Protein chains: 2
Amino acid sequence: MQKTKRLLAIEKIIEEAHISTQDELLKRLKGKGISCTQATLSRNLRQLGVARIPDSTGEYKYSLSENIRSTANSPVKLNIVPVIQDIVEAKGLMVIKTIPGNASNTAFFIDGAGRYEIAGTIAGDDTILLIPRDGITLQQVHTCLEIILPGIHDQIKKK
Amino acid sequence: MQKTKRLLAIEKIIEEAHISTQDELLKRLKGKGISCTQATLSRNLRQLGVARIPDSTGEYKYSLSENIRSTANSPVKLNIVPVIQDIVEAKGLMVIKTIPGNASNTAFFIDGAGRYEIAGTIAGDDTILLIPRDGITLQQVHTCLEIILPGIHDQIKKK
DNA sequence: TTGTTTTTTGCATATTTATACATTTATTTT
DNA sequence: AAAATAAATGTATAAATATGCAAAAAACAA
């Protein structure tokens with residue numbers, strides 16, 4: 001999807017550069033071949049939980065706040081070890097298969113991201129049941145997972 | 001001074017209440033007998049380093065950013081599951097300690113990378129023995145591990 | 001497929017926030 | 001004390017951001 005790609009690009013740019021207005025970000029995105037309007041950007045930034053913070057020099061800077069929420073529990077990102085094997089949907093829930101023994105880690109990590117979309121998770125040995133909040137579609141959860149675990153979907157499709 | 005009192009009041013209100021616009025804050029201040037204009041407020045908020053963050057329900061909230069800054073601007077980002085605890089070398093071999101129950105899958109992953117430098121691995125519950133090929137130095141294995149699991153060494157040193 | 005529903009997006013604009021400039025208030029110097 | 005300097009503030013407005021609504025795109029169902 002177009003949006004997912006944009007969300008990821010936004011996060012990347014914000015991490016790497018000093019962005020202080022949405023127009024500035026807009027131009028950067030164009031430079032990467034991704035284009036949208038300021039309105040869409042505003043919505044995306046809200047969805048990503050991106051904060052605008054005045055730094056010590058008196059300038060404003062956009063900054064990911066995902067880290068903020070999750071630092072306490074989980075300061076790391078799980079996107080290297082290919083632990084996730086498959087994702088199946090059933091009854092509005094999401095069942096995530098991992099390699100043996102890794103459901104718990106992974107669920108703990110997903111919880112740590114503190115995403116609103118996810119009500120909670122239950123993990124066995126190699127299977128996680130992910131319960132989305134009421135009103136959240138599985139599609140939204142997918143987007144959300146892509147944010148938490150960039151590349152996750154590509155990884156699965158590859159198999 | 002008038003300003004100091006106001007700055008303190010602003011911090012207090014922001015900590016205690018869910019403030020999402022400056023006008024809202026303005027009214028709260030009036031309720032406390034402190035009055036100024038939105039312009040002044042904007043300046044004060046910048047001086048205090050107060051961030052405006054979209055929370056997970058999609059609302060905006062002003063928030064003191066002292067806590068935030070350290071993490072938000074931190075240049076260091078780890079990218080792996082923190083399963084590996086330690087690496088010790090002995091007799092030309094490498095002993096890798098993981099958190100309980102994770103030796104097997106980590107070893108499986110290392111094997112999966114198919115690196116020439118690594119002859120093979122043997123895993124227990126929380127320990128992996130990694131056997132380098134003849135002629136490969138431990139230094140080379142380190143480099144190799146860094147390729148397979150970027151950031152692994154930083155992670156260990158941090159502990 | 002075609003029709004139906006949901007999600008995403010742009011446009012236009014409202015809302016919100018930041019700032020240039022002038023004025024007042026406080027602080028320092030003589 | 002007055003004069004000089006610096007800091008804080010309000011006014012008006014510019015700049016930036018958010019959002020209602022309609023259209024387009026995507027996902028879904030029959």
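Excluded from the calculations below are hydrogen atoms, water molecules and symmetry mates; all remaining heavy atoms, backbone and side chain alike, are included. Chain identifiers are assigned alphabetically (A, B, ...) following the order of the sequence lines, protein sequences preceding nucleic acid strands; residue numbering begins at 1 within each chain. Nothing here was measured: the structure is a model prediction, and the numbers come from that model.
In this structure, the NZ atom of A/K61 is 18 Å from the C1' atom of D/dA16, given to the nearest Å. Between B/K5 atom NZ and C/dT25 atom P the separation is 16 Å, expressed in whole Å. Between the CD atom of B/E59 and the P atom of D/dA18 there is a distance of 13 Å, given to the nearest Å. Computed from coordinates, the B/L45 CG to C/dT17 C1' distance equals 10 Å when rounded to whole Å. Protein atom CD1 of A/I53 is 16 Å distant from nucleotide atom P of C/dT17, rounded to whole Å. One can place NZ of A/K3 at 12 Å from C1' of D/dA26, the figure rounded to the nearest angstrom. To the nearest angstrom, C1' of C/dG10 lies 11 Å from CZ of A/R6. What separates CG of B/L41 from P of C/dT17 is a distance of 9 Å, to the nearest Å.
Closest approach to the B/C36 side chain among C/dG10, D/dT17, D/dG10 is made by D/dG10 (side chain taken as heavy atoms from C-beta onward).
In this view, B/K27 satisfies the side chain to side chain contact (heavy atoms under 4.5 Å, CB included) rule with no residue, not counting sequence neighbours. Listed by chain and residue number, nothing satisfies the salt bridge (charged side-chain N to carboxylate O under 4.0 Å, His left out) test with B/K61 (two or more places apart in sequence, or in another chain). Scored by the side chain to side chain donor-acceptor pair (under 3.5 Å) test, B/S20 finds B/E24 as partners (sequence neighbours excluded). For B/E15, the side chain to side chain contact (heavy atoms under 4.5 Å, CB included) partners two or more places apart in sequence, or in a different chain, are B/L64. Under the rule for a side chain to side chain donor-acceptor pair (under 3.5 Å), A/S42 has no partner lying at least two apart in sequence or in another chain. The side chain to side chain contact (heavy atoms under 4.5 Å, CB included) search around B/T37 returns B/A39, B/T40, not counting sequence neighbours. For A/K30, the side chain to side chain contact (heavy atoms under 4.5 Å, CB included) test picks out A/S35, with sequence neighbours left out.
Of the options A/I14, A/D23, A/I10, A/I19, a side-chain contact (heavy atoms from CB on, under 4.5 Å) to A/R28 is made by A/I19 and by none of the others.
Counting all heavy atoms, side chain and backbone alike, A/A51 lies closest to B/I53 at CB-CG1, 3.4 Å. What you find for A/K5 and A/I34 is that their closest heavy atoms are O-CD1, 4.3 Å.
Atoms CE and CG, on B/M94 and B/L129 in that order, are 10.5 Å from each other to the nearest 0.5 Å. If you take CZ on A/R43 and CG on A/L48, they are separated by 14.0 Å, rounding to the nearest 0.5 Å. Note that the CD atom of A/Q22 and the CG atom of A/L45 stand 5.0 Å from one another [nearest 0.5 Å]. Here the straight-line distance linking atom CG of A/L25 with atom OH of A/Y62 works out to 8.0 Å at 0.5 Å rounding.
Less than 4.0 Å separates DNA chain D from no heavy atom of any residue of residues 13-28 of chain B.
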Please tabulate the protein-to-nucleotide N/O contacts below 3.5 Å involving nucleotides 22-24 of chain C, giving atom names and distances.
none

Distances under 3.5 Å only, N/O to N/O: pair up the protein atoms with those of nucleotides 19-23 of chain D.
from: D/dT19; atom 1: OP2; to: A/R46; atom 2: NH1; distance (Å): 2.8
from: D/dG20; atom 1: O6; to: A/R43; atom 2: NH2; distance (Å): 2.6

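Inter-axis angle, ends of the helix from C/dT1-D/dA30 to C/dT30-D/dA1, five pairs per end, rounded to 10 degrees: 40°.
Between D/dT17 and A/Y62, a contact under 4.0 Å exists linking OP1 or OP2 to a side-chain N or O.
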